[in-house]
Amino acid sequence: MRDQLAFSQVRFSYSHTPILEDFDLRVKKGEFVSMIGPSGIGKSTLFQLIAGLLQPDQGEIRLGEARMDERLGQVGYMPQRDLLMPWRTIVENAALPLEIKGMSKKEAQQRVRQELPRYGLQDWADAYPAQLSGGMRQRVSFLRALLSGTDLMLLDEPFSALDGITRLDMQEWLMDKWQETGSTMLMITHDIDEAILLADRVIVLLGKPIRTPVELNVTIPRPRSVTSRNQPAFLALREEIWGLLRAEQTKLQLLGREAR
Amino acid sequence: MSRGIWFGISIAIFFAAWEAVCRIFAVPPFILPPPSTVVVALWDLRESLLGVHLWATLKEVLLGLSVSIVFGVLLAFAMSMSKLIERLVYPYIVISQTIPIIALSPVFILWFGYDLSGKIAVTILFTFFPIVVNTYDGLRSTDQEMLQLIKTMGANRWQIFTKLQLPSCLPHFFSGLKVAATYSVAGATIGEWLGASEGLGYFGRRASGNFQAPALFASVLLLSVLGMLLFWLVGRIERQLSPHTKNKHQSSK
């Protein structure tokens, strides 16, 4: 299958601190990939590289067919905070990427209104973000990212600000949406269960700088639900990831002690 | 609405206490006239106060404020778009805040003349800076994450400006404008004090020179009503332009 996103030998430093070194990453079209790693490892930097807000120092990033230096406007980005504009209604917020692509306001909003029922938001079309719950706001944010009109979605800890129950709901909801839209998704999360449950593949980011990501295939059959978390395969995978992260944590602590 | 009622009650108590103090202690009217006398003076002088002087002051206030808005906003835009302009101009804006504007006003009258343009110049002196500073701060305080997000959508500079910076700066602009609206009345009044042939400031100064305290207070009353009306009007326009704040209040009730 074709790669939707490919990093080859990417090197990137952020103010003299190396973040990525000879980093390779492949995401196939239609795949759901989770990325997990200790906090502060530079996951946000990785996302900014993919979205085109940053350029690699060395190596290349391919998006779809071709090498792309101008990736801005090509990737749908769903941030951790929903970042809905408080002065825009729900329709206006979701229509923003279409407007930016040059569609007329009227046409863009019409397009959004057609989509809203599938997100359970038709009654909130003309409400302002402050009137919506956190889960609803994240659904708007998802729709907005999707309407950026791209085949690659970046989800940056999308549910970390939500309460536990809403979070489980949203995870199942996201699985549905992924299947429905067929788009390629790359999600960063701190939550091991979330990483496994949603993904075809979990990438564990290790090292400082990140050099050799560990890739684990998730073989749990679809459709999955929150109860899939009790399957032996799931538990084994959780143990494995937890082990990797814990070993990394210890290593970093030791390194820190040596440095002192 | 209930806020309006409370404001009415508070004002009523204030005037009642004022009236009582004047009567109980028999304060001479040329020192402090009771509100009833002020109202009588206002009624007696209504033709010249409302017909000539209020109108003259209103003209200065509105013209001065308009010029400040146009040039203040333009300067704030220029500073937010060009680092060079910001570096060159911003220090003066901060320094200018430390200068007592009243002390500069006579010079402004000298430069711009004793007619309308002089008063407008003083009004601008009073109102320009709150507008520039607040608008610029508003433009600068754009949410950095939102900025990144809109960039990932491929927005160009103009789109970033119109769809993100401008709307997120609006509340700051309006808080500056509210300050400026009240200052504008003070500015016009001082301009008139320094030399004029009409306007509420001129009228008040003449009245105080003649020990006509009731007439002076009548003009002061009109000036403060004018200031309050302008403040209220700015608030109205703000709510009109940012309906999401109105809804938030409704849902929180």
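Chain identifiers are assigned alphabetically (A, B, ...) following the order of the sequence lines, protein sequences preceding nucleic acid strands; residue numbering begins at 1 within each chain. These figures come from a predicted structure and were not determined experimentally.
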Is the shortest distance from a Lys or Arg side-chain nitrogen in Arg167(A) or Asp191(A) to a carboxylate oxygen in the other one below 4.0 Å? yes
Heavy-atom distance under 4.5 Å to chain A: side chain of Leu164(B), backbone, both or neither? both
Where does Glu99(A) contact chain B at under 4.5 Å (heavy atoms): side chain, backbone, both or neither? both
With a 4.5 Å cut-off on heavy-atom pairs, point out which of Thr89(A), Leu96(A), Leu83(A) contacts chain B the most. Leu83(A)
Quick one: are Leu121(A) and Leu132(A) in side-chain contact, heavy atoms under 4.5 Å? yes
Between Ser141(A) (side chain) and Arg137(A) (backbone), is there a donor-acceptor pair under 3.5 Å? no
Chain B contact via Leu154(A) - side chain, backbone, both or neither, heavy atoms under 4.5 Å: neither
Ring centre gap for Phe77(B) and Phe161(B) strictly below 6.0 Å: yes
Does Asp57(A) use its side chain to pair, donor to acceptor, with the backbone of Ser13(A) at less than 3.5 Å? yes
Please classify the contact between Gln159(B) and chain A as side chain, backbone, both or neither, with a heavy-atom cut-off of under 4.5 Å. side chain
Pick one of side chain, backbone, both or neither for Leu53(A), based on which atoms fall under 4.5 Å of a heavy atom in chain B. side chain
Toward chain A, the part of Asn156(B) with a non-hydrogen atom under 4.5 Å: neither
Looking at Tyr119(A), does the NZ or CZ of Lys177(A) lie under 6.0 angstrom from its six-membered ring centre and within 45 degrees of the ring axis? yes
